[in-house]
Amino acid sequence: MRMSNLFGRTLRETPADAEIPSHTLLVRAGMIRPLAAGVYSYMPLGWRTLRRIEHIIREEMDAIDGQEVSMPVMHPAEIWKETGRWYELGPELVRFQDRGNRDMVLGMTHEEVVTYLTRQEISSYRQMPAMIYQFQTKIRDEPRSRGGLIRVREFIMKDAYSLDVDFDGLDEFYPRIYQAYVNVFERCGLDPLVVEADPGMMGGSDSHEFMLVNENGEDTVVVCASCEYKANRENAHVAWPVDDEEMRPTEEVSTPGIDTIAGLADFLDIPERKTSKIVFYTADGELVFTVIRGDLDINETKLAGVLGTSEFEPASEAAIEEVGAVPGYASPIALEGEAKIIVDESIPSARNLVAGANKAGYHLRNVNYGRDYEADEVVDIATVRDGDACPQCGDRLKLERAIELGHIFKLGTRYSEPMGATYLDADGEERPVVMGSYGIGLGRLMAAIAEKYHDEYGLIWPPSVAPAGVYLISLASGDEEIGNTAEELYQSLRDEGFSVLFDDRDERAGVKFNDADLIGAPVRLTVSSRAQKRGGIEIKARWSDASEVIPIEDLPSLIREYLGSSSRFGGQHAE
RNA sequence: CGGGGCGUAGCGCAGUCCGGUUCAGCGCGCAGCGUUUGGGACGCUGAGGUCCCCGGUUCGAAUCCGGGCGCCCCGACCA
């Protein structure tokens with residue numbers, strides 16, 4: 001590809017709306033262009049890298065007997081109604097009606113389509129196990145896109161689906177896809193942590209996320225400072241300290257006008273963790289009381305798991321008062337109406353907390369769970385904080401931002417049962433297909449690589465995914481012989497099988513060197529009279545400051561050596 | 001959905017507070033000519049604008065007021 005002819009250009013200045021390195025550099029290098037919030041075009045160079053990432057993934061999927069397919073982006077709503085997600089999902093699922101007023105959706109994932117196909121194609125245990133996968137555009141109207149390609153509303157995902165006769169089959173396949181994911185990321189130069197994750201809207205049992213620790217990540221992982229414990233913040237646990245105080249008698253205390261935890265702790269001169277608070281929700285028309293230590297926050301993702309629905313909202317004051325509770329002074333003790341009481345695990349092990357008295361202007365001292373009130377459920381619904389105690393070893397937990405590169409799920413029969421995707425086993429018995437679902441976001445993966453491999457001048461692509469292996473600069477400046485040498489070299493390098501970006505533009509040297517650095521191809525070659533006088537062509541690796549001049553016939557082998565330096569693009573904290 | 005910021009030429013910005021002869025400006029980029037040629041050259045000439053949109057106030061609006069839209073950031077949320 002010739003730079004003189006490249007569609008799109010490099011930018012000298014950083015775009016005003018980009019802040020993180022992957023975003024600014026991918027835009028400046030002319031690899032991507034924004035179209036709308038969280039919607040991007042891939043320019044020729046960006047698309048090349050994306051295609052190379054795709055190729056790596058394809059190889060790894062094929063290596064575990066994946067069969068590539070392509071499923072539609074536009075789906076009839078019926079199949080989404082069959083699984084119930086048409087009703088469960090909010091506006092992130094894009095819906096519309098076609099000209100015949102039929103409900104349609106734009107696929108945010110393809111479980112429904114896969115299950116539909118399975119229902120049609122799979123009828124016997126002899127047809128399984130099987131795994132299909134595709135590279136397909138997903139549409140998700142996210143509440144907030146962010147960080148360039150890190151979180152977008154339209155993106156290409158590799159999604160794979162496994163079909164097994166039973167859970168044993170799924171358990172057997174799962175480690176294989178897990179290893180394939182490790183291979184993919186390693187080949188891209190990344191070393192994500194693998195954490196247990198919340199299956200969320202996907203349903204199912206086991207689920208793992210591949211998380212690349214990075215300050216610009218869209219997600220948060222919890223990592224123990226000393227042991228192996230690590231988890232997504234959405235389902236990380238904490239070991240709460242066990243309080244050994246004696247239970248003291250409950251006493252009412254006047255707290256006029258004090259209706260916040262901070263105010264209460266201040267007024268009574270106690271730490272916030274010696275208080276408890278109530279957060280009210282309405283879920284499916286039912287009032288839910290959640291009780292948690294005053295210094296902690298409810299994690300609504302965990303709560304959604306407990307409630308079995310993500311459709312809940314803070315309760316209205318009227319609903320709260322209906323059960324005899326007083327907002328600001330609410331207490332789980334002595335409620336009059338119907339309300340489900342869910343207590344966080346931080347509560348039972350704490351002693352003598354201050355809680356509301358269900359009476360305006362009053363609180364109760366020395367409230368103890370078990371003695372003074374009981375819950376319908378005691379569960380973990382707290383948001384983990386930096387410094388909380390590790391549930392495995394008790395040491396400190398650290399919160400780290402991370403980029404979710406991939407997510408794998410054991411779906412089980414979450415989709416096959418409601419959609420009736422069944423087969424006959426060897427005994428003639430009808431059984432639901434056992435499924436798994438496995439995703440990698442390609443653009444996000446590209447952004448993650450850019451986040452990890454760049455410097456102040458530009459991108460530094462690992463050879464495995466670089467938009468070109470070689471950036472060939474011609475510094476002819478009117479010297480016809482130099483120009484011809486460069487042209488010939490361009491041709492011969494391509495004949496050798498290298499992908500070459502040939503900077504044949506009529507630009508000054510500085511412009512070309514800077515663009516070479518920006519775009520970040522692994523090898524830079526310079527044809528110039530200066531190099532020629534020293535006997536050849538200058539060669540330099542993008543990641544090094546050193547360059548050397550070597551005879552033209554020695555180039556191929558040295559380029560191959562540079563392009564083979566994949567060990568340079570591994571990780572320091574490998575799994 | 002809460003909080004904050006921004007919207008003026010392809011890109012980056014000034015002008016907005018205090019309305020009017022610095023009000024259509026600057027830098028980069030772009031086109032032509034000449035000089036230059038190993039780390040983002042220089043000179044001359046030139047093209048390029050619904051000042052985000054709609055409405056209002058005013059003799060007069062990029063500038064003030066009202067409404068809307070779009071984009072970015074933090075949080076909530078999120079396979």
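Letters go in sequence order (proteins before strands), and every chain restarts at 1. Keep in mind that the numbers below use all heavy atoms, side chains included, and drop hydrogens, waters and symmetry copies. From a predicted model like this one, the values you see are computed outputs, not experimental measurements.
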What is the distance, to the nearest angstrom, from the [atom1] atom on [X] to the [atom2] atom on [N]?
X: A:F513; N: B:G39; atom1: CZ; atom2: C1'; result: 7 Å
X: A:E215; N: B:C73; atom1: CD; atom2: P; result: 14 Å
X: A:K302; N: B:C77; atom1: NZ; atom2: P; result: 12 Å
X: A:E234; N: B:A76; atom1: CD; atom2: P; result: 8 Å
X: A:D506; N: B:G32; atom1: CG; atom2: P; result: 11 Å
X: A:R144; N: B:A76; atom1: CZ; atom2: P; result: 10 Å
X: A:M3; N: B:G40; atom1: CE; atom2: C1'; result: 13 Å
X: A:R508; N: B:U35; atom1: CZ; atom2: P; result: 14 Å

From C-beta outward on [X], which listed nucleotide comes closest to its side chain: [options]?
X: A:V511; options: B:G12, B:A76, B:G40; result: B:G40
X: A:A16; options: B:G39, B:G40, B:G12; result: B:G12
X: A:A509; options: B:G39, B:C72, B:C78; result: B:G39
X: A:D17; options: B:C72, B:C30, B:C77; result: B:C72
X: A:S477; options: B:C30, B:C77, B:U37; result: B:U37
X: A:R151; options: B:C78, B:U36, B:C72; result: B:C78
X: A:D517; options: B:C78, B:A76, B:G39; result: B:G39
X: A:E13; options: B:C73, B:G12, B:C78; result: B:G12
X: A:R401; options: B:G40, B:U37, B:G75; result: B:G75

Could you work out the separation of [N] and [M] based on their [atom1] atoms and round it to a whole Å?
N: B:C72; M: B:G12; atom1: P; answer: 13 Å
N: B:A24; M: B:A9; atom1: P; answer: 16 Å
N: B:G7; M: B:G49; atom1: C1'; answer: 14 Å
N: B:G68; M: B:A14; atom1: C1'; answer: 27 Å
N: B:U58; M: B:U45; atom1: P; answer: 45 Å
N: B:C53; M: B:C69; atom1: P; answer: 15 Å
N: B:U63; M: B:C18; atom1: P; answer: 14 Å
N: B:C17; M: B:A62; atom1: C1'; answer: 14 Å

[X] side-chain N/O to [N] phosphate OP1/OP2 under 4.0 Å:
X: A:T14; N: B:C11; result: no
X: A:R12; N: B:C11; result: no
X: A:R153; N: B:C78; result: no

Would you call the rings of [X] and [Y] parallel, tilted or perpendicular, where under 30° means parallel and over 60° means perpendicular?
X: A:F210; Y: A:F185; value: tilted
X: A:Y178; Y: A:H208; value: perpendicular
X: A:F409; Y: A:H407; value: parallel

Do A:E538 and A:R524 have side-chain heavy atoms sitting under 4.5 Å apart? yes
Can you find a pair of side-chain heavy atoms, one from A:R444 and one from A:E218, that are under 4.5 Å apart? yes
May I ask which nucleotide in the shown strands pairs with [N], Watson-Crick or G-U wobble, both distances under 3.5 Å?
N: B:G75; answer: B:C1
N: B:A14; answer: none
N: B:G66; answer: B:C54
N: B:G46; answer: B:C30
N: B:A41; answer: B:U35

Partner of A:F135 under side chain to side chain contact (heavy atoms under 4.5 Å, CB included), chosen from A:I57, A:I53, A:D159: A:I57
When all nucleic acid strands are considered with a 4.0 Å heavy-atom cut-off, which category describes [X]: base, sugar-phosphate, or nothing?
X: A:K512; value: nothing
X: A:D515; value: base
X: A:G8; value: nothing
X: A:E300; value: sugar-phosphate
X: A:R33; value: nothing
X: A:A531; value: base
X: A:P34; value: nothing

A:P143 vs A:S529, nearer the 5' end of RNA chain B by closest nucleotide: A:S529
Report the residue (A:A37 or A:T301) whose heavy-atom-nearest nucleotide on RNA chain B is the more 5′ of the two.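 In this pair, the answer is A:A37.
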Check the surroundings of atom CD in A:E548: do more than 12 heavy atoms from other residues, nucleotides or ligands lie under 6.0 Å from it?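 Check passes, neighbour count above 12.
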Heavy-atom count around A:F513 CZ within 6.0 Å, excluding the residue itself: above 12?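 Result for CZ/A:F513: enclosed.
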Any donor-acceptor pair, under 3.5 Å, between the side chain of A:R9 and the base of B:G40, if you only look at N and O atoms? no
Trace of the ring-ring contact (aromatic ring centres under 6.0 Å, His included) decision for A:F167 with A:Y174: CA-CA 10 Å; A:F167 283 87; A:Y174 200 75; over 10 Å; no
Base of B:U58 relative to its sugar, syn (within 90° of 0) or anti?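 B:U58: anti.
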